[in-house]
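Inspection log for the structure reproduced underneath, given as structure tokens.
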Amino acid sequence: NQFRTNDIRTDNSPLQIFVKAKKKINDIFIEINDYVEDTTQFIGLLRENNKIIEPKEIQNVESYNAKVQGIRDVLKRDHMKVAFFGRTSNGKSTVINAMLRNKILPSGIGHTTNCFLQVEGSENGEAYLITEVSDVKQPVQSVGQLGHALCKEKLCESNLVRIFWPKDKCLLLRDDVVFVDSPGVDVTPNLDEWIDKHCLDADVFVLVANAESTLMIAEKNFFHKVSTRLSKPNIFILMNRWDASAAEPEFYDEQVDVQKEVRAQHQDRSVDFLVKELKVCNPKDAEERVFFISAKETLQARIQEQKDQPIHNVALADGFQKRYFEFQDFERKFEECISKSAVKTKFEKHSQKGKLIVTEIRQTLDEILDRTQKMKFEQEKKKKEVYNKINFIENQLVALTQEMKEKIHRIVEDVEQKVSKALNE
Ligand code: GTP
Ligand code: MG
């Protein structure tokens, strides 16, 4: 009865790998932006001199401005995306609510979720939703209101409704995790459309299965399709409703044995599904991808704790603590997986593009420098030739002057002689 959830989360969460990487790559792109702007300015100054710069080079450099701006915009929107799939009523919406520590998404018996619901952090602390049909912000404060807002919309099951929830209410939202809830995979003939629209950029998939039954063909089919479209998707399997296996005091021993057996069976089948059927991971990793949980209990416990009320006020079945710890274990492994995967798939592409832009600009500048150096060399060569020519003419002039001087001298002497001779005569 004294159980506490021990949910003190700190900033050494594995999600920080993504958060820090995002900050770093953002800073790098600010520097690239400065570099591109400096280059554009410099090239602008040389624009008049079309011997140094070709118009195509000016165009190229100017186009990098738009490219860098484009990447910076995408970077701002980059997040970690997790999508939940499974049969109707397995508890997909409840699992997401448990992770968000709040009843945000509608859940209930029967077919509840009718279209794709994406929960993401809202920057300004407001809670609102926007639909594909209209991007007018509709405020939401409660699940009831959300359900109502969704009822009003004539949405088809593959439509997306984006729910923005205050970031300060949940660390996962603060750290850029985006949740996607889906209708049951058994209620649609449009799996391909679902995959095209909602799955191709997901970093992690969570299959919410029902531990009271077994993995169904509809669920397996969906993941077969996903793994043909994406190479080695990251998939977690949650065996939800594990509280249903709790032993009752009268039949405790027998029921505990049955529970162990059922668990081993689910575990083996799930591992086989990941390893042998989908071939998405090796047996050792697959063991770490299957969890036996109760989303309902976890959500109840977390809500109680947030209200500062003891957890034992809600009816909890035997083995609750173990299931709760397993839920936390899932969250930890999920966080590790999603942040590493998102850094790799999202930032790797951006850093390659950044590298390409910087290299191309450098090449252009090198070519310009090379060209100006050649021009300088040519000019010096010409200068030298002219100088040599001037020198030559000067020498010739000196020689000529000397010759003329001597000639005049001689003529003068000759004339003098002739004059004096004439005078004498
Ligand atoms: P759809 O949206 O209809 O596809 O269903 P869903 O998969 O989102 O299931 P939802 O979260 O709406 O849960 C269905 C019902 O199962 C609700 O009444 C939940 O309270 C209940 N439920 C969910 N998780 C658990 C669990 O771990 N244990 C038990 N006992 N009930 C659960
Ligand atoms: Mg649902």
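Order of appearance sets the numbers: ligands from 1, and atoms from 1 within every ligand.
For Lys340, the NZ atom is loosely surrounded, since the number of other residues' heavy atoms within 6.0 Å does not exceed 12. Counted within 6.0 Å of CG on Leu397, heavy atoms from surrounding residues, nucleotides or ligands total more than 12; the atom is thus considered enclosed. For Lys197, the NZ atom is densely surrounded, since the number of other residues' heavy atoms within 6.0 Å is greater than 12.
Listed by number with element, the atoms of ligand 1 under 4.0 angstrom from any heavy atom of Ser294 are 26 (C), 27 (O), 28 (N). When each atom of ligand 1 is checked for a heavy atom of Ala295 under 4.0 Å away, the hits are 27 (O). Under a 4.0 Å criterion applied to the non-hydrogen atoms of Asp243, ligand 1 contributes the atoms 26 (C), 27 (O), 28 (N), 29 (C), 30 (N). Per-residue contacts place Ser107 under 4.0 angstrom from the following atoms of ligand 1 (heavy atoms of the residue considered): 10 (P), 11 (O), 12 (O).
When hydrogens are left out, the protein atom nearest atom 9 (O) of ligand 1 is Gly91 N, 3.1 Å; that is the closest non-hydrogen contact. Among protein heavy atoms, the minimum distance from atom 25 (C) of ligand 1 is reached at Lys296 CB, 3.4 Å. For atom 24 (N) of ligand 1, the nearest non-hydrogen atom of the protein is Asn240 ND2, 3.1 Å. If you check which protein heavy atom lies closest to atom 2 (O) of ligand 1, you get Thr113 OG1, 2.6 Å. The single protein non-hydrogen atom nearest to atom 3 (O) of ligand 1 is Thr112 N, 2.6 Å, given as residue, atom name and distance. Looking from atom 13 (O) of ligand 1 to the surrounding protein, the closest heavy atom is Thr94 OG1, 3.5 Å. The nearest protein atom to atom 12 (O) of ligand 1, hydrogens excluded, is given as Gly108 N, 2.8 Å; this is a heavy-atom distance.
Scanning Ala244, Ser93, Pro183 for the heavy atom closest to atom 8 (O) of ligand 1 points to Ser93. Remark: among candidates Lys92, Arg87, Arg241, the nearest residue to atom 4 (O) of ligand 1 is Lys92, based on non-hydrogen atoms.
Donor-acceptor pairing under 3.5 Å is lacking for the side chains of Asp181 and Gln118. Looking at Ser245 and Gln259, their side chains do bring a donor and an acceptor atom within 3.5 Å of each other.
For the pair Glu336 and Arg289, the salt-bridge criterion is not met [side-chain N within less than 4.0 Å of a carboxylate O].
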Using side-chain hydrogen bond (donor to acceptor under 3.5 Å, both in side chains), reason through His350 and Asp78 one step at a time and then give a plain yes or no. CA-CA 11 Å; His350 297 321; Asp78 266 342; 2.7 Å; yes
Test log, rule side-chain contact (heavy atoms from CB on, under 4.5 Å), inputs Cys199 and Phe222: CA-CA 11 Å; Cys199 298; Phe222 175 76; 4.0 Å; yes
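For the side-chain contact (heavy atoms from CB on, under 4.5 Å) with Asn240, the qualifying choice from Asn210, Leu207, Ile293 is Ile293, the only one to do so.
Using the six-membered ring where Trp is involved, Phe320 and Tyr324 have ring planes that are tilted, between 30° and 60° apart.
Here the angle centred on the Mg ion (ligand 2), running from OG1 of Thr113 over to OG of Ser93, is 90°, rounded to 10°.
Put simply, part of Ser89 is less than 4.0 Å from ligand 1, judged by heavy atoms.
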